[in-house]
Amino acid sequence: MNAIDLTPLYRSSVGFDRLGSLINHALTADSTSSGYPPYNIELIEDNRYAITLAVAGFTQEELDIQVENGVLTVRGEKATKEERKYLHQGIAYRSFERKFNLADYVEVTGADLSNGLLTISLVKEIPEAMKPKSIPINQTVNKALEHDMEDQNADTFKAA
């Protein structure tokens, strides 16, 4: 069973349309994918984030960053293969592709490569129309009821 039926969830929730596809993608993802290159995801401020990938040995020209349909893709392709004789090769120069699913309204603002670390800056900009807003509650006073109350109080005083 590769797919999960989330139809009952959709009846009682709004806005989770991508949830089903994300779960299916996570279940069918290549389980043999390696953890290369290692990365960190950091919260800088309230709506600012950074993804840092360790890309030792890659130059700026050998790296490619793209965003398409809410998916950030980082690719690294070594340009030339030098024929060397290694006694031990611990630095991985293999090609890679890393994908990150971005939440709604998250945009990539820039990327920096320094000391073998590729840092991608992200910002979450929620449109004004989507931000929560307070709705004032108007209180209407029913004049007829107040008048009746005054008439009852006057009748009570007359009876006493």
Side-chain angles (χ1 to χ4, degrees), residues 1-140:
M1 181 174 178
N2 288 341
I4 297 175
D5 183 22
L6 297 175
T7 307
L9 176 68
Y10 295 144
R11 281 186 239 144
S12 61
S13 63
V14 176
F16 291 96
D17 303 339
R18 279 187 27 184
L19 181 65
S21 64
L22 289 174
I23 291 174
N24 282 334
H25 177 69
L27 292 175
T28 60
D30 187 13
S31 60
T32 61
S33 66
S34 67
Y36 180 77
Y39 65 92
N40 294 335
I41 300 177
E42 180 181 5
L43 174 65
I44 306 284
E45 286 179 2
D46 218 11
N47 288 327
R48 290 185 51 228
Y49 305 89
I51 299 174
T52 305
L53 290 97
V55 291
F58 285 87
T59 63
Q60 184 175 345
E61 293 79 25
E62 296 169 334
L63 296 170
D64 180 40
I65 303 170
Q66 294 182 359
V67 178
E68 184 179 349
N69 294 331
V71 177
L72 169 66
T73 305
V74 181
R75 289 184 187 90
E77 185 78 38
K78 284 306 280 180
T80 58
K81 295 251 180 184
E82 298 178 13
E83 294 297 323
R84 294 185 178 183
K85 258 188 179 172
Y86 292 101
L87 297 177
H88 172 75
Q89 185 177 6
I91 301 173
Y93 289 124
R94 63 181 180 256
S95 299
F96 68 88
E97 178 176 292
R98 269 275 185 205
K99 292 188 178 192
F100 300 92
N101 289 316
L102 300 178
D104 293 338
Y105 311 113
V106 173
E107 295 187 20
V108 177
T109 59
D112 296 311
L113 181 62
S114 175
N115 298 326
L117 296 174
L118 175 65
T119 304
I120 302 169
S121 301
L122 307 167
V123 66
K124 184 174 186 175
E125 294 180 1
I126 301 174
E128 286 296 323
M130 299 299 291
K131 289 184 180 177
K133 60 182 176 181
S134 273
I135 307 298
I137 301 172
N138 296 328
Q139 185 175 9
T140 58

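What you are looking at is a predicted structure, and each value in this text was computed from that prediction instead of being measured.
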Salt bridge (charged side-chain N to carboxylate O under 4.0 Å, His left out) partners for [X], two or more places apart:
X   : result
R75 : D64, E97
E61 : none
E45 : R48

message: For residues 104-128, which residue pairs pass the ring-ring contact (aromatic ring centres under 6.0 Å, His included) check, not counting sequence neighbours?
response: none
task: Determine which pairs satisfy ring-ring contact (aromatic ring centres under 6.0 Å, His included) with at least one residue from residues 49-79, sequence neighbours left out, and list them in order.
output: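 Listed once each, the pairs are F58-F96.
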- request: Would you please name every residue forming a side chain to side chain contact (heavy atoms under 4.5 Å, CB included) with E128, sequence neighbours left out?
  value: K131
Of all heavy-atom pairs between [X] and [Y], which one has the smallest distance, and what is that distance?
X    : Y    : result
V106 : L102 : O-CD1, 4.1 Å
A50  : I44  : CB-CD1, 4.0 Å
A54  : P37  : O-CB, 3.2 Å
K78  : G57  : NZ-O, 2.5 Å

query: Less than 4.5 Å apart, any side-chain heavy atom of I51 and any of L72?
result: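 Yes - at least one pair of side-chain heavy atoms lies under 4.5 Å apart.
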message: Checking the side chain of R98 only, and the main-chain atoms of G35 only, is there a donor and an acceptor separated by less than 3.5 Å?
response: yes
message: Heavy-atom count check: over 12 atoms from other residues, nucleotides or ligands less than 6.0 Å from E68 CD?
response: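 Counting neighbours around CD of E68, 12 or fewer heavy atoms of other residues, nucleotides or ligands fall under 6.0 Å, so no.
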side-chain hydrogen bond (donor to acceptor under 3.5 Å, both in side chains) partners of Q139, counting only residues at least two apart: none
In a table with atom names and distances, give each donor-acceptor pair under 3.5 Å that connects a side chain of residues 107-127 to protein atoms at least two apart or in another chain.
unit_1: T109; atom_1: OG1; unit_2: S121; atom_2: O; d: 3.3

- prompt: Who are the ring-ring contact (aromatic ring centres under 6.0 Å, His included) partners of Y39, not counting sequence neighbours?
  reply: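 Residues passing ring-ring contact (aromatic ring centres under 6.0 Å, His included) with Y39: F100.
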